[in-house]
Enquirer: 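This is the structure I have questions about; it appears just below.
Every heavy atom of this structure was used, including side-chain atoms; hydrogens, water molecules and symmetry mates were not. Reminder, nothing fancy here: chain letters follow the sequence lines and each chain counts from 1.
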Amino acid sequence: MAKCLLIDGNSIINRAFYALPPLTNGAGLHTNAVYGFTTMLLRIIEEEKPTHLLVAFDAGKRTFRHEEYGDYKGGRSKTPSELSEQFPLLKELLQAMNVKQFEIEGYEADDIIGTLTKRADEEGIETIVVSGDKDMLQLASDRVRIALTRKGISETEMYDPAYIQEKYQLTPRQIIDLKGLMGDASDNIPGVPGVGEKTALKLLHQFGSVEGVLEHVEEIKGKMKETIKEHADSARMSKEIATIFREVPYDAGWDELAFEGFDTNGMRTMFQKLEFKSLLERLAIGGSDAASGGSEAAAIQVTTVDASTVASLVAALPDVRGAHVESIGENPHGAEVLGLALYADEERTYFAPMPFLASSEAAPLRSWLADANARKTIHDAHKAELALAWQGVELRGVAFDTILAAYLLDPTESSHALSDIAGKDGIAVPSDDDVFGKGAKFKLPEPEKIAEHLGRKARAVAELAERQRKKLAEHEMEPLMYELELPLSFVLARMELQGVKVDVDELKRYGVELTEALDKLVATIYEQAGTEFNLNSTKQLGEILFEKLGLPPVKKTKTGYSTDAEVLEKLAPYHEIVSNLLHYRTLSKLQSTYVEGLQKEVRATGKIHTYYRQTIAATGRLSSQFPNLQNIPIRTEEGRKLRKMFVPSEPGWRILAADYSQIELRVLAHISGDERMKEAFQNDMDIHTKTAMDVFGVSADAVDANMRRQAKAVNFGIVYGISDFGLSNNLGINRKDAAQFIEQYLDVFSGVRRFMDDIKKQARKDGYVTTLLNRRRYLPEIHASNFNIRSFAERTAMNTPIQGTAADIIKLAMVRLDDRMREAGVKSRMLLQVHDELVFEVPPEELETMRAMVRETMESALALDVPLKVEVSEGSNWYEAK
DNA sequence: ATCATCACG
DNA sequence: ACGTACGTGATGATA
C-alpha cells in the first residue's frame with residue numbers, strides 16, 4: 001500500500017526556528033531550525049513509515065498571490081538572517097539524506113502540496129500533509145490527513161475530515177471561508193475587522209460560507225451587520241487568497257517521490273558538519289541494522305582483568321593507544337574509582353576494576369601507570385591523576401589528553417564529556433547518564449556493562465586523539481597544548497593534592513561571632529518590619545519592603561521585585577531597615593558560604609583540597625570548585641578576616657603571595673601597541689592617575705580622587721569591552737556623558753581605539769579571536785542581526801584576548817615556577833592560583849630564595865612591550881600576606 | 001532545575 | 001531604538 005508524506009518545508013523550518021533556542025556549531029552556523037526540522041522528520045518517518053516522501057518549499061520572491069493582492073504577506077518582518085541562512089543547510093541535508101525536495105518559481109509550498117493531494121484524491125493514494133499552518137486543513141479528505149505541529153514542533157495532531165468536523169463543525173472546504181472572515185495577521189490577509197475565530201465560526205455554522213454570509217447579511221444583528229457589509233469585498237478577496245492553488249505545473253509521477261530509506265552515510269557526514277551529536281548517536285545506535293552498515297557504538301570485546309588475565313594485559317601495554325579512568329561524581333578528591341580501561345586494538349581492550357588495580361597482582365600495571373616514559377593518551381588526565389592518587393595509585397607519562405585538546409579546539413563547548421566530543425566526531429559513545437543514570441537515578445549497572453562502557457571510552461580516546469592531534473597542528477596550537485596546558489594539568493594536580501591548611505578552630509570562633517551579630521540583626525529587622533519572615537526569601541522581602549512598608553520599587557526581575565544590593569542602597573534613605581538588611585546579607589553570605597561551606601570541605605588532614613577546572617572558562621582562565629578558593633572575600637574587612645584561617649601546614653612556615661599588578665591593562669598596552677599606554681607602564685606610573693591626566697588634560701597634581709575613580713572605571717570598562725551604558729551604570733552618570741567620556745578616552749588612547757576596531761573586524765572575518773599564545777575563542781554571534789546578541793559578541797571579542805592572554809601568562813609562570821622550584825630542590829609549595837595571584841607556603845629559610853624566584857619567573861613569563869610587575873608579600877597567614 | 005544574589009579577579 | 005559592562009562558583013528559595 002502506498003503512503004505518501006508531504007512536508008511543508010517553509011512552515012516546519014519556521015516553527016522549528018522559533019520553537020528552539022539558538023544553536024550554533026563550531027563554525028558559527030546557526031542550526032536550530034535545521035535540527036528541529038530533522039528531529040521532526042525522523043520522528044514522523046518512524047511513526048508513519050511512508051512509501052513516498054516530498055519536502056516542498058516556497059520559491060520566488062513574488063507569487064501569483066502578490067499579483068492579485070499586493071499586500072500579501074506585507075507587514076511581515078523580514079526573515080532573520082539566523083533563519084534564512086539555514087535554508088541552504090536544510091536543502092543540503094535533505095539532499096544528502098536522499099529526501100526528495102521540490103520548489104517551483106512563483107508558487108508556495110502549499111500550492112505544490114495542494115496539487116499533489118488533489119492527485120492523491122483522484123488516484124486514491126493515502127497521503128499525510130505535515131505543516132504548522134492551519135490553512136492546510138482545507139486539503140483534508142478521505143484520502144488526505146493533515147498533521148499539524150503543536151507545542152512548537154515536538155508533537156503533531158492528526159486531522160481528518162471527521163476530526164475537523166468535531167472540532168470546528170466545519171468541512172475542510174469551509175476552512176477557507178473561515179479564513180476569509182477572520183483573516184490572518186501573519187500573512188496580512190485582512191478578512192473582516194473585528195471578526196475573530198469565535199464570530200467567524202458562528203457565522204459559518206449559520207450561513208455555510210462567505211458567500212452565504214454576504215447573501216444573508218441582513219439577518220445579522222447589531223454592529224456586525226454594518227461591518228460585514230462594509231468589508232464584503234475584503235472577505236471575498238481574503239477567501240480567494242486563502243484558497244490553496246491546486247494546479248501547479250508539476251508533471252512528475254509518483255515514482256519520483258518513492259522513498260527507499262535514508263542515505264545514512266550522507267546523513268552522518270552532514271550531522272557531523274552540523275554537529276548534531278544526539279542525532280549522530282541515534283544514527284550509530286539505530287544504525288546497526290542492515291539498512292545502514294555504518295559506524296555503530298557497536299560491539300566491543302573487553303577483557304576484565306584479574307590475576308589470571310593480567311599477564312596478557314601487561315604484554316599489551318606497549319601498544320595501548322587510549323586509556324580511561326572512571327571515578328564517580330564530579331569531585332575527584334577522595335572519589336570512588338571504578339577502574340582503568342585500556343585500548344590497544346579490537347582484540348586487546350581491557351578493564352581493570354579498582355579493587356584489582358590496587359592488588360599486588362596489579363603491580364606491573366601500576367608501574368606502567370607511574371612510568372613517566374610510558375606515554376599515555378587519556379581523557380582528563382588531571383581528574384584521573386587526582387582520583388587515582390587518593391587510591392594510592394600514581395599516574396605519570398601522560399602525553400596527550402583529549403579533554404584538553406577538545407577545550408583548546410573549542411573552549412565554549414558546553415560539555416567536554418568524552419561521549420559528547422567523540423559523538424561530534426562521529427565516534428558513538430553512550431553518555432554516562434545513559435549508562436549510570438542521573439541524579440537520584442544513579443545506579444551502577446552490572447560489571448560487564450561497566451567494562452564495556454569504559455572499554456568503549458578507552459577506544460574512543462584513541463580514535464579521537466588522532467583526529468585532535470591533526471586539528472591542533474592545523475590551528476598551530478601544539479605549543480599551547482604540549483608546553484602549557486598539558487604540563488599545567490600536572491602542576492595543578494600537585495597543588496590540589498597538597499591542599500591548603502585551614503585553622504578550623506579559628507574558623508569556628510569566627511562563626512560564633514557571626515551568629516551573634518546575625519541574631520541581633522534578625523531581631524532588629526523583624527521589629528522594624530513589624531513581622532517575622534524568611535529573610536533569605538527575596539519574594540517575602542519584596543512584599544515587606546514594597547507592599548507593607550510602601551518603599552518605591554527600583555527595578556524588577558522577571559519573577560518579581562528586585563532586592564539586590566544596588567536596589568537596597570538606593571532605598572537606604574527611606575527606611576532604616578534597609579541598612580540592616582544589607583548588613584544581614586553580608587554576614588549571612590559569610591556564614592553560609594564561607595564559615596559553614598569551607599568547614600564542610602575540610603578533610604581529615606585539616607586541609608582543603610580544591611579542584612581546579614582547566615576546561616571551563618571560555619577565556620582560558622582556571623576555575624575552582626569544591627570549594628571555590630578563587631572567591632575568598634577581600635573587599636570588606638569583615639570578609640577579609642576569613643583569610644586569617646588559611647595558614648601554612650608546617651609549623652613556623654609562612655604564606656607567600658605574589659600578584660601581578662595591572663596585568664590586564666599591561667596586556668592591553670602590548671597588544672594594542674598604544675604608545676601612550678605603553679609609555680605609562682614603561683615609566684611605572686599609576687595607570688589610573690595617568691589615564692585621568694590624559695583624558696582630562698591636566699597635570700598629575702590636578703588629578704583628584706574623583707577623577708582617578710572615574711578614570712579607573714573607564715579602564716575597567718575598556719578591559720570588559722566598553723559600552724556607554726555599562727560605564728554610565730557604573731559611574732552613575734547619564735549615558736551621553738559616558739559616551740563622551742569614552743570618546744575622549746579613545747581620542748587620547750588612539751591605539752586602543754584601533755585595537756578595538758581591528759579585533760571586531762577580525763572576529764567578523766575569521767569567526768574567532770585569539771590570545772597571544774594562540775588560544776582561540778569562536779564568536780559566531782558576531783554576525784547576529786539582533787543588536788544585543790551582536791554587541792555581546794563584540795565586547796567578548798575585545799575582552800577575550802585581554803583576559804585570555806593574562807591567563808596564558810600566569811599559566812606559563814606556574815609551569816616554569818614548578819620546574820624551577822623542583823630544580824632548586826626547595827621544600828616550598830605552590831598552593832593556590834587566583835587569576836593574577838599565586839599563593840605558596842614557604843619554610844622560613846627559603847623565604848628570600850622564593851621571593852626572588854617567584855618574582856623573577858612571573859615577571860619574565862612572557863616578554864611584552866611593557867614590563868610585567870609582580871608584588872610579593874608574606875605573612876603568617878593569607879590575610880597577613882597583603 | 002532555575003532564579004536571585006553575592007563572593008572573587 | 002535596542003539595553004549589558006568580562007569571566008567564574010556557591011547558596012537558599014522556589015517552582
Enquirer: Regarding A:Ser624, tell me which of base, sugar-phosphate or nothing describes its non-hydrogen contacts under 4.0 Å with the strands shown.
Expert: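 If one applies the 4.0 Å heavy-atom cut-off, A:Ser624 turns out to touch the sugar-phosphate alone, with no base involved.
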
Enquirer: Please classify the nucleic acid contact of A:Ile802 as base, sugar-phosphate, or nothing, using heavy-atom distances under 4.0 Å.
Expert: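 If one applies the 4.0 Å heavy-atom cut-off, A:Ile802 turns out to touch nothing in the nucleic acid.
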
Enquirer: Just call it for A:Thr563: base, sugar-phosphate, or nothing, with non-hydrogen atoms closer than 4.0 Å on any strand.
Expert: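 Answer is sugar-phosphate: A:Thr563 comes under 4.0 Å of backbone atoms only.
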
Enquirer: For C:dA13 and A:Asn536 - does any side-chain N or O of the residue sit under 4.0 Å from the phosphate oxygens OP1/OP2?
Expert: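 Yes, such a contact exists.
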
Enquirer: With a cut-off of less than 4.0 Å, is there a side-chain N or O of A:Ser588 near OP1 or OP2 of B:dT5?
Expert: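 Looking at the OP1 and OP2 atoms of B:dT5, neither is under 4.0 Å from any side-chain N or O of A:Ser588.
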
Enquirer: What is the nucleic acid contact for A:Ile632, judged by heavy atoms within less than 4.0 Å: base, sugar-phosphate only, or nothing?
Expert: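 The residue A:Ile632 makes sugar-phosphate contact but no base contact.
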
Enquirer: Could you state the atom-to-atom distance from CG of A:Asn715 to C1' of C:dA5 in whole Å?
Expert: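 The distance from CG of A:Asn715 to C1' of C:dA5 comes to 14 Å, rounded to the nearest Å.
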
Enquirer: Can you confirm whether A:Lys555 is buried at NZ, in the sense that more than 12 heavy atoms of other residues, nucleotides or ligands lie under 6.0 Å from that atom?
Expert: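 Enclosed: over 12 neighbouring heavy atoms sit under 6.0 Å from NZ of A:Lys555.
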
Enquirer: In Å and rounded to the nearest 0.5 Å, what is the CG to CD distance from A:Leu727 to A:Gln710?
Expert: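 A:Leu727 atom CG to A:Gln710 atom CD measures 8.5 Å (nearest 0.5 Å).
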
Enquirer: Would you classify A:Asn534 as touching base, sugar-phosphate or nothing, given that sugar-phosphate means primed atoms plus P, OP1 and OP2, and contacts are heavy atoms under 4.0 Å?
Expert: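 Counting heavy atoms under 4.0 Å across all strands, the contact made by A:Asn534 is with sugar-phosphate only.
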
Enquirer: From the list C:dG9, B:dA7, C:dA10, which nucleotide is the closest neighbour of the side chain of A:Thr593?
Expert: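 Closest nucleotide among those given: C:dA10.
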
Enquirer: Just one of A:Leu817, A:Leu832, A:Asp659 clears the side chain to side chain contact (heavy atoms under 4.5 Å, CB included) bar with A:Leu838, so which one?
Expert: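 Considering A:Leu817, A:Leu832, A:Asp659, a side chain to side chain contact (heavy atoms under 4.5 Å, CB included) with A:Leu838 is found only for A:Leu817.
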
Enquirer: Within the structure, does a side-chain N or O atom of A:Thr619 lie under 4.0 Å from either OP1 or OP2 of C:dT8?
Expert: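 For C:dT8, neither OP1 nor OP2 has a side-chain N or O of A:Thr619 closer than 4.0 Å.
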
Enquirer: Check whether any side-chain heavy atom of A:Ile577 lies under 4.5 Å from a side-chain heavy atom of A:Leu545, and answer yes or no.
Expert: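 Side-chain contact under 4.5 Å: yes.
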
Enquirer: Just to be sure I understand the rule, does A:Ala797 reach a base, reach only the sugar-phosphate, or reach nothing, if contact means heavy atoms closer than 4.0 Å?
Expert: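 A:Ala797: no heavy atom of the nucleic acid under 4.0 Å.
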
Enquirer: With DNA chain C as reference, determine whether A:Phe787 or A:Phe792 sits nearer its 5' end, using the nearest nucleotide of each.
Expert: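 Counting from the 5' end, the first nearest nucleotide belongs to A:Phe787.
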
Enquirer: Which class fits the ring pair A:Tyr778 and A:Tyr768: parallel under 30°, tilted 30 to 60°, perpendicular over 60°?
Expert: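 Perpendicular: the ring planes of A:Tyr778 and A:Tyr768 meet at over 60°.
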
Enquirer: Describe the nucleic acid contact of A:Val719 in one word from base, sugar-phosphate, nothing, applying a heavy-atom distance below 4.0 Å.
Expert: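 Nothing, no heavy atom under 4.0 Å.
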
Enquirer: Can you check whether A:Arg635 has a side-chain N or O nearer than 4.0 Å to OP1 or OP2 of B:dG9?
Expert: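 Affirmative; the distance criterion is met.
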
Enquirer: If the P atom of B:dA7 is compared with that of C:dC2, how far apart are they to the nearest Å?
Expert: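 Approximately 32 Å lies between the P atom of B:dA7 and that of C:dC2.
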
Enquirer: Would you say A:Thr557 places a side-chain N or O within less than 4.0 Å of OP1 or OP2 belonging to B:dA4?
Expert: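 For B:dA4, OP1 or OP2 has a side-chain N or O of A:Thr557 closer than 4.0 Å.
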
Enquirer: For A:Asn628, answer base if it contacts any base atom (sugar-phosphate contacts may also be present), sugar-phosphate if it contacts only those atoms, and nothing otherwise; contact means non-hydrogen atoms under 4.0 Å.
Expert: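 Sugar-phosphate contact only - A:Asn628 comes under 4.0 Å of backbone atoms but never of a base.
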
Enquirer: Without decimals, in angstroms, what is the distance between A:Leu622 CG and C:dC6 C1'?
Expert: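 About 17 Å, once rounded to whole Å.
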
Enquirer: Considering only the P atoms, how many Å lie between C:dA5 and B:dC6, rounded to the nearest integer?
Expert: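 Comparing P positions in C:dA5 and B:dC6 gives a spacing of 14 Å.
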
Enquirer: What does A:Ile634 touch in the nucleic acid at a heavy-atom separation under 4.0 angstrom: a base, only the sugar-phosphate, or nothing?
Expert: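 Sugar-phosphate contact only.
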
Enquirer: Between A:Thr538 and B:dC3, does any side-chain N or O lie under 4.0 Å from OP1 or OP2?
Expert: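 So the side-chain polar atoms of A:Thr538 never come under 4.0 Å of the phosphate oxygens OP1 or OP2 of B:dC3.
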
Enquirer: Please state whether the base of C:dT4 and the side chain of A:Arg795 form at least one donor-acceptor pair under 3.5 Å?
Expert: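 It does, because a donor-acceptor pair links the side chain of A:Arg795 to the base of C:dT4 below 3.5 Å.
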
Enquirer: In this structure, how many angstroms lie between the P atom of B:dA7 and the CG atom of A:Leu582, rounded?
Expert: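 Roughly 10 Å, once rounded to whole Å.
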
Enquirer: Does any donor-acceptor pair link the side chain of A:Ser592 with the base of C:dT11 at a separation under 3.5 Å?
Expert: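 No.
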
Enquirer: Which of these nucleotides, C:dG7, B:dC6, C:dC2, is closest to any side-chain atom of A:His835?
Expert: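 Looking only at side-chain atoms, A:His835 lies closest to C:dG7.
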
Enquirer: Just checking A:Asn729: base, sugar-phosphate only, or nothing, at a heavy-atom cut-off of under 4.0 Å?
Expert: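 No contact at all - A:Asn729 keeps every heavy atom at 4.0 Å or more from the nucleic acid.
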
Enquirer: How many whole angstroms separate atom CD of A:Gln591 from atom C1' of C:dA10?
Expert: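 Distance check: A:Gln591 CD to C:dA10 C1' gives 15 Å.
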
Enquirer: Do the two ring centres, one from A:Tyr745 and one from A:Phe741, sit under 6.0 Å apart?
Expert: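 No, the ring centres sit 6.0 Å or more apart.
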
Enquirer: Which of the following nucleotides, C:dG9, C:dT4, B:dG9, is nearest to the side chain of A:Phe725?
Expert: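 Closest of the options to the side chain of A:Phe725: C:dT4.
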
Enquirer: For A:Ala565, answer base if it contacts any base atom (sugar-phosphate contacts may also be present), sugar-phosphate if it contacts only those atoms, and nothing otherwise; contact means non-hydrogen atoms under 4.0 Å.
Expert: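 The answer is sugar-phosphate, as A:Ala565 gets under 4.0 Å only of primed atoms, P, OP1 or OP2.
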
Enquirer: In whole angstroms, how far is the C1' atom of B:dG9 from the NZ atom of A:Lys712?
Expert: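 Those two atoms, NZ and C1', are 12 Å apart.
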
Enquirer: A:Lys438 side chain: which of B:dA1, B:dT5, C:dC6 is closest?
Expert: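 Ranking B:dA1, B:dT5, C:dC6 by closest atom to the A:Lys438 side chain puts B:dA1 first.
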
Enquirer: So does A:Gln803 reach the base of C:dC6 with its side chain, donor to acceptor, closer than 3.5 Å?
Expert: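 Between C:dC6 and A:Gln803, which were checked side chain against base, a qualifying N/O pair under 3.5 Å is present.
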
Enquirer: Just the rounded figure in Å: distance from P of B:dT5 to NZ of A:Lys589.
Expert: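 The answer, rounded to whole Å, is 12 Å.
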
Enquirer: Is atom NZ of A:Lys644 surrounded by more than 12 heavy atoms (other residues, nucleotides or ligands) closer than 6.0 Å?
Expert: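 Counting other residues, nucleotides and ligands, NZ of A:Lys644 exceeds 12 neighbours.
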
Enquirer: Does the C:dG7 base have a donor-acceptor partner in the side chain of A:Arg777 within less than 3.5 Å?
Expert: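 Such a pair does not exist between side chain and base.
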
Enquirer: Test A:His382 against every option in A:Tyr407, A:Tyr611, A:Tyr612 by the ring pair (Phe, Tyr, Trp, His ring centres under 6.0 Å) rule and name the one that passes.
Expert: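 It is A:Tyr611, the one option of A:Tyr407, A:Tyr611, A:Tyr612 that forms the ring pair (Phe, Tyr, Trp, His ring centres under 6.0 Å) with A:His382.
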
Enquirer: Consider the side chain of A:Lys539, meaning its heavy atoms from C-beta on, and name the nucleotide among B:dT5, C:dG3, C:dT14 that approaches it most closely.
Expert: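 Among the listed nucleotides, the one closest to the side chain of A:Lys539 is C:dT14.
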
Enquirer: Within the structure shown, what part of the strands sits under 4.0 Å from A:Ser723 by heavy-atom distance: base, sugar-phosphate, or nothing?
Expert: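 If one applies the 4.0 Å heavy-atom cut-off, A:Ser723 turns out to touch a base.
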
Enquirer: Roughly, in whole Å, what's the span from CD in A:Gln540 to P in B:dA4?
Expert: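 Distance check: A:Gln540 CD to B:dA4 P gives 16 Å.
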
Enquirer: Taking only the side-chain nitrogens and oxygens of A:Thr559, find out if one of them lies under 4.0 Å from OP1 or OP2 of B:dA4.
Expert: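 For A:Thr559, the contact criterion (side-chain N or O under 4.0 Å from OP1 or OP2 of B:dA4) is met.
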
Enquirer: Between atom CG in A:Leu587 and atom P in B:dT5, what is the gap in whole Å?
Expert: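 Value for this atom pair: 18 Å.
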
Enquirer: From C:dA10, C:dT4, C:dA5, pick the nucleotide closest to the side chain of A:Phe716?
Expert: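 That would be C:dA5.
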
Enquirer: Please confirm whether the shortest side-chain N or O distance from A:Lys558 to OP1 or OP2 of B:dC3 is below 4.0 Å.
Expert: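 Affirmative; the distance criterion is met.
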
Enquirer: Categorize A:Ala618 for me: base, sugar-phosphate, or nothing, with a 4.0 angstrom heavy-atom threshold over every strand shown.
Expert: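 Touches sugar-phosphate only.
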
Enquirer: Could you check, using the six-membered ring where one of them is a Trp, whether A:Tyr660 and A:His835 have ring centers closer than 6.0 angstrom?
Expert: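 Distance test on ring centres: not under 6.0 Å, no.
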
Enquirer: Under 4.0 Å, counting only non-hydrogen atoms across every strand here, what does A:Arg790 touch: a base, just sugar-phosphate, or nothing?
Expert: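 The residue A:Arg790 makes no contact with any strand.
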
Enquirer: Sort out the partner of C:dC2 for me: Watson-Crick or G-U wobble, both distances under 3.5 Å, none otherwise.
Expert: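 Check on C:dC2: unpaired, no WC or wobble geometry under 3.5 Å.
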
